[in-house]
Protein chains: 2
Amino acid sequence: MKPRIDLLTGRPAGGGARPRERADAARNRAKVLAAAAELFAARDPRGVTMEDIAKAAGVGRGTLYRRYPDTVSIAQALLDEHEFALQERLLRGDPPLGPGAPPGDRLAAFYAGMVDLLEAHISLVLGAEQGELRFTTGAYGFWRAHVRTLLIQAAVPEPEALVDALLAPLGPDVFAEQRRRGLTPEQITAALARLAHGVTR
Amino acid sequence: MKPRIDLLTGRPAGGGARPRERADAARNRAKVLAAAAELFAARDPRGVTMEDIAKAAGVGRGTLYRRYPDTVSIAQALLDEHEFALQERLLRGDPPLGPGAPPGDRLAAFYAGMVDLLEAHISLVLGAEQGELRFTTGAYGFWRAHVRTLLIQAAVPEPEALVDALLAPLGPDVFAEQRRRGLTPEQITAALARLAHGVTR
DNA sequence: CGCGAAGTGGACATGTCGTCCGCTTCGCTG
DNA sequence: CAGCGAAGCGGACGACATGTCCACTTCGCG
C-alpha cells in the first residue's frame, strides 16, 4: 500500500546493501531538493506539482518519479532532519524536554518544541501532511508514542483516545489558521501549555 | 474568493427575492443530492468526483456546476441540516448542552454531540472538509464562537489560542483515524470530556 | 398557444498524473 | 584507457478530472 521508500536516499527501503549512488544521480537529487525547498517556501505548498519541481530543478518528470512518488515525499525528505533533531532532544535532551521532568512539564515542552518547528518550517509541513497521509508518517508515530508514554506516566485515564486529541492541535492546518488569525507562536505555546497541564493534573 | 452560495437552494446567495425554482431544476437537484449521498457513503468520500455524481444522478456535468462549484459544496449541503440541528440544541436546548450548566459541562456535552454527529455522518464530513476549507465554513465559525464563549465564561486565560486547539480533535481526519484504530465513540467522548474539564477547571 | 428565459448536457480546452522506453552517462574491469 | 553492462535520464503518451461554453430543450406565464 505505502511506497515505503528511504527518505534520505530516496531509494526503496530494502534491507540489503545498496549498490552505491551514482554521481549524476546524486547531483540531480541535490538539484531537486534545492528547487523543491524554494518552491515550497515561495508559494502555497499544497499547490506545488511534480511538474513544477521538475522544471525548476531542470530535470525530467521521469527522473523525479524515480525517487519520489509524489510531492509529499519530497517535502518529507526536506523536513526529516528537523524532525529528527527534535526527536533526539525528546529522547536524550535536558529536562523538561528530555527525561527527568514531570509529565505535564514534558508535554508542555514538547508542545513548545513543535510550535517552534511549525513556525520555522510551516510551508514544508503543509506540503508534507496534505491529504490523509498525516497519520501514516513515521514522525506521527513517534510523537504519538511519546505523548502516550507521558500520559501513562501521569496516570491519565483513557490515554489511547486522548493521545490523538492532544496531537490534533499540532496539525499544520490548525497552526496555519491560528497564525493567519494573528496569534503569535508565544500565545499558541501558552495555550497548549495550559492544555498540557490541565490534562495531566 | 469563496463561491458563497446558498447551500439549501444551491443558488448564489444574493439578498434579493429569488425568481422561484423551476420544476425540472428541483427534480434534478433532488436527484443530485440523493446520488451524492449514496456515493459519499459507498466509497472514500475524498475520491468522489463531479463526474461520478453527474453520472450517478443521470445529469450532465454542466447541470452540476450550475449549482455546486465542487463536491465539497455538495457534501456540505447534505451535512447542513444535521449541523443546524446541533446548533439549535446548543443555543436553545436543555442543559448541559444548552445554556444553564457550568462551562466545563457544556463543553463536554458539545464534544459528545459532535462525536455523535461525526459517528453518524463521517463520510459526509470527510467529503465536506477536505482541503483547507475547513476553517472557512460557516459551521466552523459557529463552533468556534460557542467554545470561545464557554472559555471566557470559565475565565480561562488565552482563550483565543485555546479555541482552535480545542476544536482540532474534532477534525474529521482525526476522528476517522481514531475509529480506524479501534476506539469506540464512547472512549473518544470520555477522553474529550476529560479534556473539557481539565481545561476549564 | 406562443414566447422569453431558465435550465440542460455534452463537447472542448487545459492541466496533472504516472508510466514507459529509447537514449545517455557512469564506473568497473580487463 | 577502452569497452561494456547497468543505472539513470527525460520527454512523449494515455488516462482522467476540471471548469467553461453554447446550441438545444423545457418551463411557466400571459
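FYI, side chains are in, hydrogens and waters are out, and symmetry mates aren't considered; it's all heavy atoms of this structure. Just so we're on the same page: letters track the sequence lines, and every chain starts at 1. As the structure is a prediction and not an experimental result, all values here were calculated from the model.
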For the pair made of [atom1] in [X] and [atom2] in [N], what is the distance, rounded to whole Å?
X	N	atom1	atom2	result
B/E51	C/dC12	CD	C1'	13 Å
B/R22	D/dC27	CZ	C1'	4 Å
A/R27	D/dG10	CZ	P	10 Å
A/Q130	C/dT16	CD	C1'	13 Å
A/K55	D/dC9	NZ	P	19 Å
B/D52	D/dA17	CG	P	6 Å
A/D70	C/dT19	CG	P	11 Å
B/D24	C/dG7	CG	C1'	6 Å

Are [X] and [N] close enough that a side-chain N or O sits under 4.0 Å from OP1 or OP2?
X	N	value
B/T49	D/dC16	no
A/N28	D/dC9	yes
A/T63	D/dG10	yes

(request) Among the candidates D/dG10, C/dT16, C/dT25, find the nucleotide nearest to the side-chain atoms of A/V59. (result)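 For A/V59, the side-chain atoms sit closest to D/dG10.
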
(request) Ignoring the backbone of A/R67, work out which of D/dC9, C/dC17, D/dT20 is nearest its side chain. (result)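 Within the option list, the nearest is D/dC9.
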
(request) Locate the shortest heavy-atom distance separating B/G127 from B/Q130; write the atom from each residue and the value. (result)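 Result for this residue pair: O-NE2, 3.1 Å.
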
(message) I need the minimum non-hydrogen distance between A/A191 and B/A161, along with the two atoms involved.
(response)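 Taking A/A191 first and B/A161 second, the nearest heavy atoms are CB-CB, 3.5 Å.
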
(message) Heavy-atom nearest nucleotide on DNA chain C for A/M50 versus B/R61: which residue maps closer to 5'?
(response)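 Comparing both residues, the 5'-ward one is B/R61.
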
(message) Under 4.0 Å between a side-chain nitrogen and a carboxylate oxygen: does that hold for B/D94 and B/R89?
(response)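 A salt bridge is absent here (no side-chain N lies under 4.0 Å from a carboxylate O).
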
(message) Looking at A/R179 and A/E119, is there a salt bridge between them, counting it only when a charged N and a carboxylate O are closer than 4.0 Å?
(response)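 So A/E119 pairs with A/R179 through a salt bridge.
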
(request) Keeping the roles fixed (side chain from B/H146, backbone from B/F142), state whether a donor-acceptor pair exists under 3.5 Å. (result)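 Such a contact is absent between B/H146 side chain and B/F142 backbone.
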
(request) Please confirm whether any donor atom in the side chain of B/R66 sits under 3.5 Å from an acceptor in the base of C/dT8, or the reverse. (result)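 Flag unset: no donor-acceptor pair detected.
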
(request) Select from B/A23 and B/G62 the residue whose nearest nucleotide in DNA chain D is closer to the 5' end of that strand. (result)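 This one resolves to B/G62.
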
